[in-house]
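Here the structure comes first, spelled out in structure tokens, and everything after it is commentary.
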Amino acid sequence: MEVVLYLKNKIRMKKTKFKIVIASGKGGVGKSMLASSLSMLLAKSKKIIAVDCDVDAPNFHLWLGQNGRWDKIEKISVSERPVIDFKKCTGCGQCIKICAFGAFKLKKGKPVLNKFFCEGCGACEIICPSKAISMKKVKNAEIRIKKEINGFPLISAQLYPGETGSGKIVDQIKEKAEKFDYEVMILDAPGGSGCPVIAALNGADFALLVTEPTPSGFSDIKRVLPVVDHFGIPYGLVINKWDINPEWSEKIEKWAGKKLLGRISYDKKIFQAIAKLRPIIETNLPVKKEIKKIYLKLRKILP
Amino acid sequence: MVQIGITGGKGGTGKSTFSILLANKLREAGKRVILFDADVECPNDYLLLGQRLEFSKTKIYARFPKIDKKKCLKCGICVRNCRSNAIFQAPGEFPIFLHELCSGCGLCWHLCPQQAIKIEKKIIGEVFKNKIDKDFYLVTSRSVGIVDETGPIVSKAKQYVWSLAKKLKADYLLTDTAVGMHCGVIRALIGVDLAYAVTEPTPLGAHDLELMLKLLKILKLPTKIVLNQYGLGKNHFIEKIARENNIDIKYKIPHSKKVVDFYSRGKLGELILL
């Protein structure tokens, strides 16, 4: 129980609303599996809200046994893109010159936008001497709300394929989630360490970092840590599939020291459970016990 | 030179593993291969190949504005025109630039009537080269510090890779992308001749594969599916999507302890499997 005391000391106790972010750096190490299981366990005694911050490829709902059928879908815009009025455009090339991202190319004397390079900064609109460019809002994503699933609400979002702005979308779903009445918010971060991960971790009270015992898993955890430390968030570590490589597990455990919250075994049957959209907590798999142990520690850390 | 992108949407489906296995196959056939690890947030290919990232070949910079207080007249033109809200000015004070919000678009220093805004360069990424053998090179791009927008790092690292490929007369350039479908992934995929979408036989794999196929369609890229962990879940999830989209499942890779073993020992470059 040393870990519990240690982490408890690190957390500000007066908080009534508590945000836990699950992150890993590397993808596919078990973030959503753990996030969904812990949400379901915590929901028995706390008012939970689940937030899927992986807006590129959201999977939280699947781990909760839900496919499709949202209660509310809301289209949102988080960025703008230039639209050129070719009646006004003289082909002077100022927009091409100012664009720091190389998003314009001159074709037959007129600028053509490659939207995949545009950052939406609007420099072209202001620089254009003929006022031929205007910035227009882009529908980048949709926010999806499930009012009740396994006893708590789930907020998710989908970035439309080919669009960008995942960090800003995460900001928006967090804002939406804040309006709900909750005690613990569970945020499932995407892989990586870039904008959506930073957005998910911003303002968190605790980070649950998940890794697997491979050189990649270990390396990627160390890539996310600077973000966690940047915000000064206390964290605990979980090693998933620890038995696929006990040697590396030991190495990571040593490194984690007091921050180790638990380990979970590898079980091929998880694949079969998820194939049937069965939440892990509703199965009788041995991993369920291991997750429960982690939950009990987490429960003690919470205010 | 043939350029192949390896992507997938979902994490942990085996993008990096497949990239190296494909490189091994091509080398067996006597081809010269460059593998570009475009996962700048969490690059791993070097670990699977037992390499270290020691000396960076190229540094990647972003530009940020910096105020020259001697020239600034506090007119506020920069503040009014910044769309990222990255410039803050209290009444009667000099403007303050917030790097976390700045996209580096350069409009402020362009507009400043006093030319009081200077350009400051900050390292946001670096590029490493590892020679595995005479016909196999690895190029790794990695972000430095906490970087929000990783797309520009990928684009700039790509320029390095292209010039290296030209110099070495490479037959194949394999680009291993990050997870997800964000700007870094899109930038990595632009310009490839063929994309492999690596997935797993679960509803998660299927869900993310469908999204990825939509993106690849928008990017107009010829696509093939790689079904990893074949037989572990329910293959029909993926087979159905392949049928509906009229896309081949080019490789089916069964779950194997051998791959896991070679993977964790950094010896994947030695495994011939495809």
Side-chain angles (χ1 to χ4, degrees), chain A residues 24-29 32 54 56-59 62-63 67 80 98-102 114 116-117 119-123 126-127 135 158-159 161-162 164 166-167 190-198 212-216 219-220 223-224 226-227 230 244-245 248 268 271-272 274-277, chain B residues 9-13 16 39-44 47-48 63 81 83-84 103-107 110-111 143 145-152 155 178-187 190 200-204 207-208 211-212 214-215 217-219 229 232-234 237 255 260 263-264 266:
Chain A
S24 68
K26 181 162 163 49
V29 298
S32 305
D54 188 354
D56 282 29
N59 285 160
L62 297 172
W63 283 104
N67 200 357
E80 295 176 312
I98 188 83
C99 181
F101 310 103
N114 183 341
F116 300 117
F117 286 90
E119 295 274 337
C121 70
I126 292 161
I127 226 71
M135 296 299 284
Q158 176 69 61
L159 174 79
T164 56
S166 17
S193 58
C195 52
V197 181
I198 299 171
E212 59 174 37
T214 59
S216 321
S219 163
D220 293 353
R223 298 278 297 159
V224 197
V227 185
H230 172 80
I244 61 166
N245 194 335
W248 266 95
K268 279 186 190 171
F271 272 92
Q272 280 141 31
I274 189 64
K276 288 181 203 141
L277 287 179
Chain B
K10 180 166 161 39
T13 55
S16 297
D39 185 356
V40 302
E41 295 173 29
C42 293
N44 288 148
L47 293 167
L48 310 192
R63 307 177 308 164
N81 284 293
R83 241 193 162 76
S84 310
S103 72
C105 74
L107 184 64
H110 195 91
L111 288 178
S143 60
I146 297 174
V147 183
D148 221 23
E149 291 286 335
T150 47
S155 295
V179 293
M181 304 192 299
H182 52 82
C183 54
V185 177
I186 295 172
R187 301 272 178 103
I190 287 174
E200 60 175 38
T202 62
L204 313 166
H207 178 267
D208 297 352
L211 291 166
M212 185 43 83
K214 274 185 198 158
L215 174 64
K217 209 170 176 184
I218 293 169
L219 296 174
Q229 312 281 20
L232 215 47
K234 293 263 189 286
F237 289 123
H255 173 78
V260 179
Y263 178 104
S264 15

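All values below come from the heavy atoms of this structure, side chains included, with hydrogens, waters and symmetry mates left out. Quick note on labels: first sequence line is chain A, next is B, and so on, each numbered from 1.
- Ranked by heavy-atom pairs shorter than 4.5 Å toward chain B, the options Val29(A), Asp54(A), Ile126(A) are led by Ile126(A).
- For Ser155(B), the part sitting under 4.5 Å from any heavy atom of chain A is the side chain, from C-beta outward, and nothing else.
- Chain A forms more heavy-atom pairs under 4.5 Å with one residue of Pro203(B), Gly151(B), Gly180(B), Gly12(B) than with any other, namely Pro203(B).
- Closest approach of Pro161(A) to Lys214(B), counting heavy atoms only: CG-CB, 3.8 Å.
- For the atom pair Thr202(B) OG1 and Trp63(A) CH2, the distance stands at 7.5 Å (nearest 0.5 Å).
- Contact of Ser193(A) with chain B is made through backbone and side chain together, with heavy-atom distances under 4.5 Å.
- When heavy atoms are compared at a cutoff of 4.5 Å, Pro152(B) approaches chain A solely by way of its side chain, counted from C-beta outward.
- Arg223(A) places a side-chain N or O within 3.5 Å of a backbone atom of Glu41(B) that can act as its donor or acceptor partner.
- With a threshold of 4.5 angstrom between heavy atoms, Leu47(B) approaches chain A through side-chain atoms but not through N, CA, C or O.
- Side-chain contact between Phe117(A) and Arg187(B) is present, with at least one heavy-atom pair separated by less than 4.5 Å.
- For His182(B), the parts lying near chain A are the backbone and the side chain together; criterion is any non-hydrogen pair under 4.5 Å.
- Ranked by heavy-atom pairs under 4.5 Å with chain B, the list Glu212(A), Lys276(A), Gln272(A), Lys268(A) is led by Lys268(A).
- With a 4.5 Å cut-off on side-chain heavy atoms, Asn44(B) and Ser219(A) count as touching.
- Of all heavy-atom pairs between Cys42(B) and Gly192(A), the closest is SG-CA, 4.0 Å.
- Contacts between Ile274(A) and chain B at a heavy-atom distance below 4.5 Å involve backbone atoms as well as side-chain atoms.
- Looking at Leu232(B), the atoms closer than 4.5 Å to chain A (heavy atoms on both sides) sit in the backbone and in the side chain alike.
- Interface remark: of the candidates Ser32(A), Ala275(A), Gly25(A), Ala275(A) forms the most heavy-atom pairs closer than 4.5 Å to chain B.
- In terms of heavy atoms, Cys121(A) sits closest to Ser103(B) at CB-OG, 3.9 Å.
- Listed here is the closest heavy atom pair of Ser216(A) and Leu48(B): OG-CD2, 3.5 Å.
- Closest non-hydrogen pair, Leu159(A) versus Met181(B), comes out as O-CE, 4.2 Å.
- Proximity to chain B involves both the backbone and the side chain of Pro58(A), based on heavy atoms less than 4.5 angstrom apart.
- For the pair Ala100(A) and Arg63(B), the tightest heavy-atom approach, listed with the atom from each and the gap, is CB-NH2, 3.3 Å.
- In terms of non-hydrogen atom pairs under 4.5 Å with chain B, the most contact-rich of Asn59(A), Thr214(A), Thr164(A) is Asn59(A).
- Tyr263(B) places none of its side-chain heavy atoms less than 4.5 Å from the side chain of Asn245(A).
- Asp56(A) CG to Leu215(B) CG: the interatomic distance, rounded to the nearest 0.5 Å, is 9.5 Å.
- Most heavy-atom pairs under 4.5 Å with chain A, from the set Val260(B), Val147(B), Thr150(B), Asp39(B): that is Val147(B).
- Contacts of Val227(A) with chain B are made by both backbone and side-chain atoms, with heavy-atom separations under 4.5 Å.
- Residue contact with chain B, scored on non-hydrogen atoms closer than 4.5 Å, is absent for Pro190(A).
- The residue among Leu219(B), Leu211(B), Ile218(B) with the most heavy atom pairs within less than 4.5 Å of chain A is Leu211(B).
- If you tally non-hydrogen atom pairs under 4.5 Å between each of Asn67(A), Val197(A), Ile127(A), Ile244(A) and chain B, the highest count goes to Ile127(A).
- For a residue to count as touching a neighbouring chain, one of its non-hydrogen atoms must lie under 4.5 Å from one of that chain's; by this rule Asp220(A) touches chain B with backbone and side chain alike.
- Residue Phe116(A) touches chain B through both its backbone and its side chain, counting heavy-atom pairs closer than 4.5 Å.
- The distance from atom NE2 of His207(B) to atom CD of Gln158(A), rounded to the nearest 0.5 Å, is 6.0 Å.
- In this structure, no portion of Val185(B) lies under 4.5 Å from any heavy atom of chain A.
- In this structure, the portion of Ile198(A) lying under 4.5 Å from any heavy atom of chain B is its side chain and not its backbone.
- Few gaps surround NE2 on His255(B); more than 12 heavy atoms of other groups in view lie less than 6.0 Å from it.
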